[in-house]
Amino acid sequence: MYKNDKNSLAILIGKLPEDINDILGKANQNIINQIFDLNLDNLYNLPVSVIRNRPDVKIGEENIIAQNAEIGVAISKLYPSVSLSSFFGFQSLKWSNLIDNDSWVNSLIPGLNLPIFPWNQLNNNVNIQKYLKEEMLLSYKKTLLNAISEVKNSIDAIEKGYQIGQAATKAFENMKIVSDLNWQKYKLGLISYNDVLDAEQRRISAQADMVNANANLYLSLVNFYKAIGGKPIKEINNDFKN
């Protein structure tokens with residue numbers, strides 16, 4: 001594996017480049033040493049909420065949550081941050097004085113600092129925050145549609161790649177049988193050595209097609225895990241069951 005490929009793989013799985021060799025060296029963790037055995041039906045049975053594992057979807061959700069908070073802040077600024085007694089000019093501290101007219105003072109008394117409602121500015125700020133939220137909602141919807149499209153395309157690619165891989169493997173197995181039979185025929189003097197070489201060349205070509213088909217299948221599988229946020233299918237299914 002080339003160094004750049006290892007660095008890219010390290011980024012994909014969230015590891016340091018120097019840790020890749022140890023991971024690839026473990027047979028039980030190396031998918032290249034394993035037989036591809038994935039039930040394609042399980043891919044279609046995944047809950048749609050799986051896309052919430054994606055970083056872009058999470059960011060979109062957090063932006064909306066944060067913007068909701070900004071709307072709350074903007075609305076809170078519509079009201080002065082002083083006590084009611086200060087705002088209404090009420091200075092009585094005793095219940096017996098509540099009905100005393102002297103308890104009510106003019107809000108225009110010099111030295112009494114009461115906030116003034118800048119209604120237009122405050123309302124505009126609230127509206128701006130709401131418009132920003134609508135914009136974020138549209139952006140979030142676009143992110144969701146893009147995520148769903150990527151997941152669907154990756155599943156389709158896996159399904160197609162699996163079929164191509166199966167056909168390529170079958171073709172290689174058949175060509176291997178033909179090649180072995182041609183060697184036997186050659187040893188019995190039934191065919192020429194050129195026939196043996198021709199069959200061997202076709203066997204090698206079929207093997208190359210099989211390897212390329214499997215490689216493309218694994219790439220499609222990587223794209224699928226990337227599309228769903230990198231969470232293993234077993235964990236997703238367990239979360240869904242719980």
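Predicted model, so just to flag it, every value in this text is computed and none were measured.
The cluster map of Ile, Leu, Val, Met, Phe, Trp and Tyr, joined by side-chain heavy atoms under 4.5 Å apart, puts Leu181 and Ile191 in different clusters. Linking Ile, Leu, Val, Met, Phe, Trp and Tyr residues whenever their side-chain heavy atoms come within less than 4.5 Å leaves Met210 and Leu217 in two separate clusters. Linking ILVMFWY side-chain heavy atoms closer than 4.5 Å, directly or via other members, places Ile51 and Tyr225 in a single hydrophobic cluster. Cluster annotation: Leu144 and Leu137 are assigned to the same hydrophobic cluster (Ile/Leu/Val/Met/Phe/Trp/Tyr, side-chain heavy-atom contacts under 4.5 Å, transitive). Residue Val57 is grouped with residue Ile148 when hydrophobic side chains (ILVMFWY) are merged at heavy-atom distances under 4.5 angstrom, including chains of intermediate members.
Taking CG of Asp180 as the reference point, atom CD of Glu200 lies at 8.5 Å (rounded to 0.5 Å). Between the CD atom in Gln129 and the CD atom in Glu70 there is a gap of 5.5 Å [rounded to 0.5 Å]. Here the OG-OH distance, from Ser220 to Tyr162, works out to 14.0 Å after rounding to the nearest 0.5 Å. Here the CD1 atom belonging to Ile71 is positioned 10.0 Å from the CG atom belonging to Asn127, to the nearest 0.5 angstrom. In this structure, the separation between CG on Asn182 and CG on Asn194 is 11.5 Å, given to the nearest 0.5 Å. From Gln184, atom CD reaches atom CG of Leu188 across 7.5 Å, with rounding to the nearest 0.5 Å.
You'll find the side chain of Leu197 reaches within 4.5 Å of the side chain of Tyr193, heavy atoms only. A 4.5 Å side-chain heavy-atom check between Lys142 and Leu138 finds every atom pair outside the cut-off. Tyr140 has its side chain out of reach of Asn63: every pair of non-hydrogen atoms, C-beta onward, lies at least 4.5 Å apart. Tyr186 places none of its side-chain heavy atoms less than 4.5 Å from the side chain of Asp195. Here the side chains of Phe172 and Val211 are not in contact, with every heavy-atom distance at 4.5 Å or above. The shortest distance between side-chain heavy atoms of Val126 and Ile75 falls below 4.5 Å. A heavy-atom distance below 4.5 Å is found between the side chains of Glu61 and Arg52. Taking the side chain as every heavy atom from C-beta outward, Leu132 and Glu135 approach each other to under 4.5 Å.
Distance alone, capped at 3.5 Å, is enough to place a donor-acceptor pair between the Thr143 side chain and the Ser139 backbone. Remark: the backbone N or O of Leu219 is paired with a side-chain donor or acceptor of Asn223 at under 3.5 angstrom.
Of all heavy-atom pairs between Gly165 and Asn214, the closest is CA-OD1, 4.2 Å. Counting all heavy atoms, side chain and backbone alike, Gly229 lies closest to Arg54 at N-CG, 3.8 Å. When all heavy atoms of Ala227 and Val151 are compared, the closest pair comes out as O-CG2, 3.6 Å.
A salt bridge links Asp198 with Arg202: at least one charged nitrogen is closer than 4.0 Å to a carboxylate oxygen. We find that Lys176 and Glu173 are not joined by a salt bridge, their nearest charged nitrogen and carboxylate oxygen being 4.0 Å or further apart. Under the 4.0 Å criterion applied to side-chain N and carboxylate O atoms, Glu150 and Lys226 are not assigned as salt-bridge partners.
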Test side chain to side chain contact (heavy atoms under 4.5 Å, CB included) on Ile228 and Asn53; report intermediate values, then the result.
CA-CA 6 Å; Ile228 63 174; Asn53 293 319; 5.6 Å; no

Begin from the C-alpha positions of Val178 and Arg203 and carry the test side chain to side chain contact (heavy atoms under 4.5 Å, CB included) through to its verdict.
CA-CA 8 Å; Val178 171; Arg203 182 191 67 80; over 6 Å; no

